[in-house]
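Single-structure report; data block below.
None of these values were measured; they are calculated from a predicted model.
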Amino acid sequence: MIQEKVQLEFMHFEPDYETRSFVSSVAEKIHFNAPSDAAMKLALQKGKDAIQASCRIASQAGTFVAEAVSESPIRAVQQIERKIKDQLDAWKAWRFQNANSQNGI
């Protein structure tokens, strides 16, 4: 993982090893699929009854944002992963469609 481009933040709780490893792995996968110049922050905050997760990716190509709330940090990050993946897939489809139309394909 490129540390300076991916920031993980845990607020109001210290995750166990498995949770931290899972979150780190998902963050790495998300960042790998993001635009090459992307900077990313994935934050998890423990509230009274749930974990609130948020992810923000900023790049020249645009900004991608997702939020989720769950009782489990793992489930919250899984929801974030799906939401960001949908946005990145839409961006990639638009990018390739735009490139092909400019090339006359």
Side-chain angles (χ1 to χ4, degrees):
M1 184 185 319
I2 303 169
Q3 290 297 330
E4 63 273 5
K5 290 195 173 191
V6 177
Q7 181 183 358
L8 299 179
E9 186 175 15
F10 299 94
M11 295 172 279
H12 308 299
F13 78 108
E14 185 59 40
D16 59 28
Y17 176 80
E18 291 80 15
T19 300
R20 184 178 289 276
S21 294
F22 178 79
V23 171
S24 180
S25 172
V26 169
E28 192 172 328
K29 189 178 355 172
I30 290 170
H31 189 260
F32 179 78
N33 288 302
S36 60
D37 67 337
M40 182 179 124
K41 180 176 182 180
L42 178 58
L44 282 82
Q45 179 173 344
K46 183 174 178 131
K48 184 178 171 187
D49 298 322
I51 298 287
Q52 181 175 5
S54 63
C55 182
R56 184 175 195 279
I57 299 171
S59 75
Q60 294 272 338
T63 302
F64 307 89
V65 179
E67 295 182 344
V69 177
S70 181
E71 322 75 53
S72 154
I74 300 282
R75 281 196 289 280
V77 170
Q78 288 170 331
Q79 291 173 28
I80 290 285
E81 182 180 23
R82 277 193 302 276
K83 291 176 180 182
I84 290 289
K85 181 184 182 308
D86 289 347
Q87 292 176 46
L88 292 173
D89 287 349
W91 165 71
K92 287 177 183 177
W94 172 85
R95 182 181 71 169
F96 290 125
Q97 177 184 7
N98 201 32
N100 288 340
S101 66
Q102 289 177 357
N103 293 330
I105 298 173

Rounded distance [0.5 Å steps], [atom1] in [X] versus [atom2] in [Y]:
{"X": "Ile80", "Y": "Arg75", "atom1": "CD1", "atom2": "CZ", "result": "14.5 Å"}
{"X": "Ser36", "Y": "Lys5", "atom1": "OG", "atom2": "NZ", "result": "6.5 Å"}
{"X": "Asn33", "Y": "Glu28", "atom1": "CG", "atom2": "CD", "result": "11.0 Å"}
{"X": "Glu9", "Y": "Leu44", "atom1": "CD", "atom2": "CG", "result": "9.5 Å"}
{"X": "Ile51", "Y": "Phe13", "atom1": "CD1", "atom2": "CZ", "result": "4.5 Å"}
{"X": "Gln79", "Y": "Cys55", "atom1": "CD", "atom2": "SG", "result": "13.5 Å"}

Heavy atoms from other residues, nucleotides or ligands near NZ of Lys29 exceed 12 (cutoff 6.0 Å): no
ILVMFWY network linking Val69 to Val23, side-chain heavy atoms under 4.5 angstrom: no
Shared hydrophobic cluster, Met40 / Phe22 (ILVMFWY, side-chain heavy atoms < 4.5 Å):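 Yes; Phe22 is reachable from Met40 via cluster members.
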Note: Lys85-Asp89 ion pair, threshold 4.0 Å (strictly below):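 Here Lys85 pairs with Asp89 in a salt bridge, since their nearest N and O are under 4.0 Å apart.
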Arg20 with Glu14: basic N within carboxylate O range, under 4.0 Å: yes
Donor-acceptor under 3.5 Å (His31 side chain, Ala38 main chain):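 Side chain of His31 to backbone of Ala38, a donor-acceptor pair under 3.5 Å: yes, one is there.
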Under 3.5 Å donor-acceptor, Gln87 side chain and Val65 backbone: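 Checked: pair present.
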